[in-house]
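Before any comments, here is the structure.
In what follows, every chain begins at residue 1, and chains take the letters A, B, ... in the order their sequences are listed.
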There are 2 protein chains.
Amino acid sequence: MARSSQTQMAVLGALSIEPMTAYALRETIRDVLGHFWSESFGQIYPTLHALEEEGHVRRRGGARARSSEFVITESGTARLIELLSEPARKVPARDGLMLRLFFGRTLGPDRCRDLLQQARAAAEGRLTEYEALLARLEAEEGDTPDWPYIRTTLRAGIHHSRSTIAWADESLAALSALPGGSPSP
Amino acid sequence: MARSSQTQMAVLGALSIEPMTAYALRETIRDVLGHFWSESFGQIYPTLHALEEEGHVRRRGGARARSSEFVITESGTARLIELLSEPARKVPARDGLMLRLFFGRTLGPDRCRDLLQQARAAAEGRLTEYEALLARLEAEEGDTPDWPYIRTTLRAGIHHSRSTIAWADESLAALSALPGGSPSP
DNA sequence: ACCTGCATGTAAGTCGTTACATGATTGA
DNA sequence: TCAATCATGTAACGACTTACATGCAGGT
């Protein structure tokens with residue numbers, strides 16, 4: 001369990017879909033899991049080496065080659081199942097937007113409204129993105145056994161974005177009653 | 001800027017409401033901001049010392065006393081406004097539940113349904129809590145100038161919990177079609 | 001000839017938690 | 001008097017990010 005089992009989980013998961021290079025791994029994680037997961041090179045390479053040493057992945061295309069793909073092994077699949085079965089570790093909450101709004105009196109109503117507008121716009125953008133992705137993937141991957149699960153995560157994004165938009169609208173309406181003003185000490 | 005400006009923001013924010021000891025600070029942050037923020041002793045004490053050195057907080061009740069309260073100074077308030085005005089730094093996404101569901105085929109439908117049930121139950125619990133808190137605070141603090149802002153963060157929790165419940169229900173219905181089974185390699 | 005993208009890695013630094021150590025006060 | 005709670009801190013560790021260093025391949 002040399003490196004973070006979190007990273008191992010994402011890496012093994014991605015390799016369970018198809019073999020790829022470390023570089024492609026990072027791109028895939030960014031593009032495909034990006035809405036709820038992230039990994040950096042600094043994590044991926046050491047993790048990959050550790051996994052190789054433990055026999056959970058195998059190098060293909062030359063150990064010293066400049067473009068070697070990693071393939072998940074049987075023990076790697078077992079390890080992945082083990083990791084996925086562990087309870088998700090709870091990441092300590094740290095929501096900068098909420099903290100700023102909580103101390104909104106100090107920050108001032110105008111800036112708070114700005115923050116809400118920004119949050120709304122960001123959520124709107126994500127919503128559009130998720131909906132487009134859902135439609136595209138429904139057509140492309142609709143038959144694969146992975147699809148129901150992938151769809152579930154996408155639907156989470158859609159639900160969440162919508163609720164953020166509704167909350168922002170409601171809050172903007174509520175705060176519109178307040179007189180504008182700069183930060184008040 | 002010795003210690004994390006994030007922690008400074010939370011600490012100064014809490015002290016802007018009322019002076020308190022480091023110990024009480026941690027309790028307050030846990031109890032009041034706990035839904036979207038967390039701080040540990042290991043952060044709070046050094047941060048407080050740094051803030052004292054910079055003149056942003058002042059000790060009251062004896063420098064060497066065993067129970068000294070910290071009071072925010074004028075420069076501390078200015079610093080707080082400055083910190084609140086900074087753009088919220090985005091924390092890298094790491095949602096263990098989504099990752100598990102994404103690789104749900106490997107984890108197996110049964111366990112995925114378990115995860116969804118758990119997520120639903122947790123959201124339900126938070127929703128009840130937020131609603132009770134909202135009603136209580138509405139009565140107690142409804143007139144204070146801080147209330148509209150605090151209310152906004154509480155409403156965010158309510159919206160978010162509801163959307164999680166709706167998503168979980170929808171997903172459970174969608175996954176109920178799948179045949180049960182253990183992890184499939 | 002040069003720039004961009006693919007590819008592999010390391011080192012340093014940040015941020016934060018957990019566990020430990022220590023002691024005063026207070027209520028049962 | 002004994003346990004719980006209040007109170008203050010430090011040390012060790014863990015997880016990640018960023019920035020840096022390096023080089024090849026392919027297109028213009």
Q: Answer yes or no: does a side-chain N or O of A:S5 lie under 4.0 Å from OP1 or OP2 of D:dA15?
A: no

Q) What's in the same ILVMFWY side-chain cluster as A:F41, cut-off under 4.5 Å, chained through other members? A) A:Y23, A:Y45

Q. Does any donor atom in the side chain of B:S163 or B:W167 lie under 3.5 Å from an acceptor atom in the other side chain?
A. no

Q: Output the residues of residues 20-27 of chain B in contact with DNA chain D, where contact means a heavy atom of the residue under 4.0 Å from an atom of the strand; sort by number or write none.
A: B:T21, B:A22, B:Y23

(Q) If I take atom CD1 in residue A:I29 and atom P in nucleotide C:dA7, what distance separates them, rounded to the nearest angstrom? (A) 15 Å

Q.
What is the distance, to the nearest angstrom, from the OH atom on B:Y45 to the P atom on D:dA7?
A. 8 Å

Q: Could you verify whether a donor N or O on one side chain and an acceptor N or O on the other, from B:S75 and B:H56, lie under 3.5 Å apart?
A: yes

Q | Same apolar cluster: A:V32 and A:I158, side chain cutoff 4.5 Å | A | yes

Q: Could you identify which residues of residues 88-103 of chain B place a heavy atom less than 4.0 Å from some atom of DNA chain D, listed by residue number, or say none?
A: B:P92, B:R94

**Q.** Any A:S40 side-chain N or O less than 4.0 Å from OP1/OP2 of D:dC16
**A.** no

Q) Between A:E39 and B:F70, which is nearer to the 5' end of DNA chain D once each is assigned its nearest nucleotide? A) B:F70

Q. Are any non-hydrogen side-chain atoms of A:E131 and A:L127 less than 4.5 angstrom apart?
A. yes

Q) Any chance the side chains of A:R59 and A:S68 put a donor and an acceptor closer than 3.5 Å? A) yes

Q. Among C:dT17, D:dT17, D:dT8, which is the nearest nucleotide to the side chain of A:Q43?
A. D:dT17

Q. Under 3.5 Å, is there a donor-acceptor pair between the B:T21 and B:E69 side chains?
A. no

Q: Would you tell me if any nitrogen or oxygen in the side chain of A:T7 comes within less than 4.0 Å of OP1 or OP2 on D:dC16?
A: yes

Q.
At less than 4.0 Å, is any side-chain N or O atom of B:H49 found next to OP1 or OP2 of D:dG9? Yes or no.
A. yes

Q: Answer yes or no: does a side-chain N or O of B:S68 lie under 4.0 Å from OP1 or OP2 of D:dA7?
A: no

(Q) To the closest 0.5 Å, what do you measure between OH (B:Y149) and CG (B:L154)? (A) 15.5 Å

(Q) Let me spell it out: for each of B:F41 and A:W37, pick the nucleotide of DNA chain D with the closest heavy atom. Which residue's pick is nearer the 5' end? (A) B:F41

Q. For residues B:T47 and B:Q8, is any side-chain donor paired with an opposing acceptor at under 3.5 Å?
A. no

